[in-house]
Each structure stands twice: as structure tokens, then as C-alpha cells.
*Asks:* 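Take a look at this one; I'll ask things after.
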Amino acid sequence: MDKIKIDISRQLMEQSFVSIPSGRVEMRDDRTKEAWVAEVDAFQLAKFPVTQDLYEVLTGTNPSTFKGSRLPVETISWVDAVNFCNQLSAYLGKDSCYVFNSGSEIVTVNSQANGFRLPTEAEWQYACQAGTKGIRYGELDDIAWYKENSNNRTLEVGQKMPNAWGLYDMLGNVWEWCTDIYDERVYGSYRVIRGGGWCDMERSVMATSRRRSHPFSFRIDDLGFRMAINAK
């Protein structure tokens, strides 16, 4: 096994994946006042957002504004994130979850693939709430880096209290891309982001907060991603 593969395997072990049971989650959109219930199949979700050490050892690049091996990688577009997932899948002999259609911004998702992917929006909220219906899984200062305690930057992952399922930094630190298109009728290919970031006020750092942006061009220093895989 070459050194890069050893480093990737070690960092994936450090990152580790948590088994999330099947269930259902109550979703809502404050913009449209819509509410709906989503069914969630069992899956696995990374304990932490993707960190810069893992991103850099695989891609040879680090686009982050705030540098540090155990900081979440940020300044990442949705396409950057899914390309990383595909690249990691290929490197470890797994099936790619995303297929890019030549000459367009259409990306097909293979939901049956065994490779790495972004969580769906429903998976993300369900995992964040850890079987509850709460907007947070603890007192905000105990669980999240946000505007009042972040010193205006990202912080190393895993320092705050995890939720009941052992997931860290689901709220605060960096927003996280999800697989889903937000509202194709209004926003075209814009994708969903969840969780709030280091520069957000308390009112934005909730399990139910939804935002969206352009998948190819939007990159900012409080936006990263977390990986999921289908249940084994």
C-alpha cells in the first residue's frame, strides 16, 4: 500500500462514520412556510466535517482561508465537494455517486452506489436532531462555534459536545453542503446548505435552518461538507 493510501486510510479511521438508523424527519421551509415529512433509510455519516488534512492528501490542494490540518476544509463549492467524494471513492475502489453530464450543469446522483457522497438534506437534519425534534441538541455554546464564541474563524473539529448519536460540529463552525437541489422552479440548480457557521448569529445556527447557493461558483470561508455512505 502506498504512503498516500496509508495516510488516507488513517485519516478516514480518525474521521470514522456513525451508523444512523432509519426513521422519519419533519422538515420545513421558513421562506415558503411549507412543511413535510421525509422518510430516511439507514445510512452512515462522518463524525466530523471533512478536515484539511484529508482533503489535501487526496487532492494535493487546500483552498481553505483558515489553514490547519484539523480545521474543516472550507471555501469549497458543491462541485468541489462532490468531486472530492468521487475521487476518494475511485481511489479506494468504490463506485462513484455523482455523474457529470458533459456540457451542462446537470449532475446525476447514483443513490445505490457504495462510494462516498454528501448527505441528503433530510438525512442531514435527521442525523443532526438525533431522533428528536429539537432545533439544537444542547446549549449553543456547548455544541457549536458561532459568532459569539468563534473569534471570527473556524476551529478544530471535535472540540464541542457531540449530539446523542456521536456527531460533532453538526451546528456551527462551517455550513455543510447537501446533495439536494433547493427549489428548482425558483433557483434552478442551487443546492442546499445546512448547519450554520462560525460567523452566524444564534438565530441561524439551528437544525432546521436552510440556505442555498450556486453549486459551481459559490465558495466562502464558512462553508464545507461532511461525507455520507449507504448502510453496509
Side-chain angles (χ1 to χ4, degrees), residues 2 4-5 8-9 11-12 15 17-20 22 25 27 36 38-46 48-52 54-64 72-127 174-195 210-220 223-232:
D2 61 68
I4 293 177
K5 184 166 282 191
I8 289 172
S9 298
Q11 288 162 23
L12 282 173
Q15 180 128 96
F17 284 76
V18 174
S19 294
I20 308 297
S22 62
V25 58
M27 313 279 286
W36 65 98
E39 301 289 338
V40 177
D41 293 331
F43 71 106
Q44 294 186 301
L45 188 64
F48 308 114
V50 171
T51 51
Q52 293 175 32
L54 178 57
Y55 192 91
E56 188 167 3
V57 75
L58 181 69
T59 67
T61 63
N62 184 355
S64 303
V73 67
E74 27 84 0
T75 317
I76 290 288
S77 72
W78 184 86
V79 167
D80 295 333
V82 301
N83 274 328
F84 176 88
C85 290
N86 275 357
Q87 188 174 349
L88 183 60
S89 298
Y91 197 82
L92 297 179
K94 297 179 179 292
D95 301 328
S96 294
C97 292
Y98 302 96
V99 178
F100 287 79
N101 295 285
S102 180
S104 75
E105 292 188 0
I106 297 173
V107 181
T108 303
V109 182
N110 179 0
S111 61
Q112 303 305 309
N114 66 358
F116 299 94
R117 59 178 175 83
L118 303 180
T120 68
E121 181 183 14
E123 287 174 337
W124 187 96
Q125 183 177 320
Y126 178 66
V174 291
W175 289 87
E176 298 179 8
W177 286 109
C178 294
T179 282
D180 309 61
I181 291 175
Y182 178 81
D183 184 343
E184 192 168 13
R185 297 165 302 171
V186 178
Y187 295 98
S189 63
Y190 275 34
R191 302 284 170 160
V192 174
I193 59 176
R194 287 300 207 112
R210 305 176 76 222
R211 290 188 185 171
R212 69 276 174 188
S213 200
H214 194 282
F216 282 76
S217 60
F218 187 71
R219 297 175 177 89
I220 197 168
L223 177 55
F225 68 104
R226 182 185 306 254
M227 292 187 295
I229 50 177
N230 292 332
K232 295 180 180 179

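Model, not experiment: these values are computed from the prediction.
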*Asks:* Answer yes or no: is there a side-chain heavy-atom contact under 4.5 Å between Leu223 and Thr75?
*Replies:*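 Contact flag for Leu223/Thr75 side chains = no.
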*Asks:* Does Tyr126 use its side chain to pair, donor to acceptor, with the backbone of Ser22 at less than 3.5 Å?
*Replies:*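 Checked: pair present.
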*Asks:* Can you tell me how far the OG1 atom of Thr59 sits from the CD atom of Gln52, to the nearest 0.5 Å?
*Replies:* 10.5 Å
*Asks:* Measuring from atom CZ of Phe116 to atom OH of Tyr91, what distance do you get when rounded to the nearest 0.5 angstrom?
*Replies:* 13.0 Å
*Asks:* For a 4.5 angstrom cut-off between non-hydrogen side-chain atoms, does Leu88 reach Met227?
*Replies:*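 The answer is yes, as the side chains (C-beta and beyond) meet within the 4.5 Å cut-off.
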*Asks:* Looking only at heavy atoms, what is the nearest atom pair of Val25 and Ala122, with distance?
*Replies:*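 Minimum heavy-atom separation between Val25 and Ala122: CG1-O, 3.8 Å.
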*Asks:* To the nearest 0.5 Å, how far apart are CD1 in Ile229 and SG in Cys97?
*Replies:* 9.5 Å
*Asks:* What residues form a salt bridge (charged side-chain N to carboxylate O under 4.0 Å, His left out) with Asp80, not counting sequence neighbours?
*Replies:* Arg219
*Asks:* Any heavy-atom pair between the side chains of Thr120 and Cys178 that's under 4.5 Å?
*Replies:*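 They are not in side-chain contact.
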*Asks:* Once rounded to the nearest 0.5 Å, what's the spacing between atom CH2 of Trp78 and atom CG of Asp180?
*Replies:*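 Atom-to-atom, Trp78:CH2 and Asp180:CG are 9.5 Å apart.
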*Asks:* Where do Gly115 and Ser89 come nearest, in terms of heavy atoms and distance?
*Replies:*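 Closest approach of Gly115 to Ser89: CA-OG, 3.4 Å.
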*Asks:* So, does Asn86 use its side chain to make a donor-acceptor pair with the main chain of Tyr98 at under 3.5 Å?
*Replies:* yes
*Asks:* How close do Ala231 and Ala42 get, counting heavy atoms only, and between which atoms?
*Replies:*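 It is CB-O, 3.4 Å.
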*Asks:* Could you tell me if the side chain of Thr108 sits less than 4.5 Å from the side chain of Phe100, heavy atoms only?
*Replies:*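 Not touching, per the 4.5 Å side-chain cut-off.
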*Asks:* Roughly how far, to the nearest 0.5 Å, is the CD atom of Glu121 from the OH atom of Tyr182?
*Replies:* 8.0 Å
*Asks:* Quick check against the 3.5 Å criterion: does Trp177 have a side-chain atom that pairs as donor or acceptor with the backbone of Ile76?
*Replies:*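 It does hold such a pair.
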*Asks:* Cation-pi between Arg212 and Tyr187: NZ/CZ under 6.0 Å from ring centre and within 45° of the ring axis?
*Replies:*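 That pair qualifies as a cation-pi contact.
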*Asks:* Under 4.0 Å between a Lys/Arg side-chain N and an Asp/Glu carboxylate O for Glu176 and Arg226?
*Replies:*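 Yes, charged N to carboxylate O under 4.0 Å.
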*Asks:* How close do Ser189 and Ile181 get, counting heavy atoms only, and between which atoms?
*Replies:*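 For Ser189 and Ile181, the tightest heavy-atom pair comes out as O-CG1, 4.4 Å.
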*Asks:* With the side chain counted from C-beta on, respond yes when Phe84 and Leu54 share a heavy-atom pair under 4.5 Å apart, and no when they do not.
*Replies:* yes
*Asks:* CG/Asp95 to CG/Asn110 distance, rounded to the nearest 0.5 angstrom?
*Replies:*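 The CG atom of Asn110 is 7.0 Å from CG of Asp95, to the nearest 0.5 Å.
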*Asks:* Check whether any side-chain heavy atom of Val174 sits under 4.5 Å from a side-chain heavy atom of Phe225, and report yes or no.
*Replies:*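 Result no, sub-4.5 Å side-chain heavy-atom pair not found.
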*Asks:* Tell me, please, which residues at least two apart from Glu123 pass salt bridge (charged side-chain N to carboxylate O under 4.0 Å, His left out).
*Replies:*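 Only Arg117 meet the salt bridge (charged side-chain N to carboxylate O under 4.0 Å, His left out) criterion with Glu123.
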*Asks:* Donor-acceptor pair, distance only, cut-off 3.5 Å: does the side chain of Asn114 make one with the backbone of Asn230?
*Replies:*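 No, because the side chain of Asn114 does not come within donor-acceptor range (under 3.5 Å) of the backbone of Asn230.
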*Asks:* Taking all non-hydrogen atoms of both residues into account, name the closest pair between Ala127 and Phe43 and its distance.
*Replies:*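 Scanning both residues, the minimum pair turns out to be CB-CZ, 4.3 Å.
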*Asks:* Side-chain contact test, heavy atoms from C-beta onward, threshold under 4.5 Å: evaluate it for Val107 versus Arg191 and give yes or no.
*Replies:* yes
*Asks:* So, does Ser64 use its side chain to make a donor-acceptor pair with the main chain of Glu74 at under 3.5 Å?
*Replies:* yes
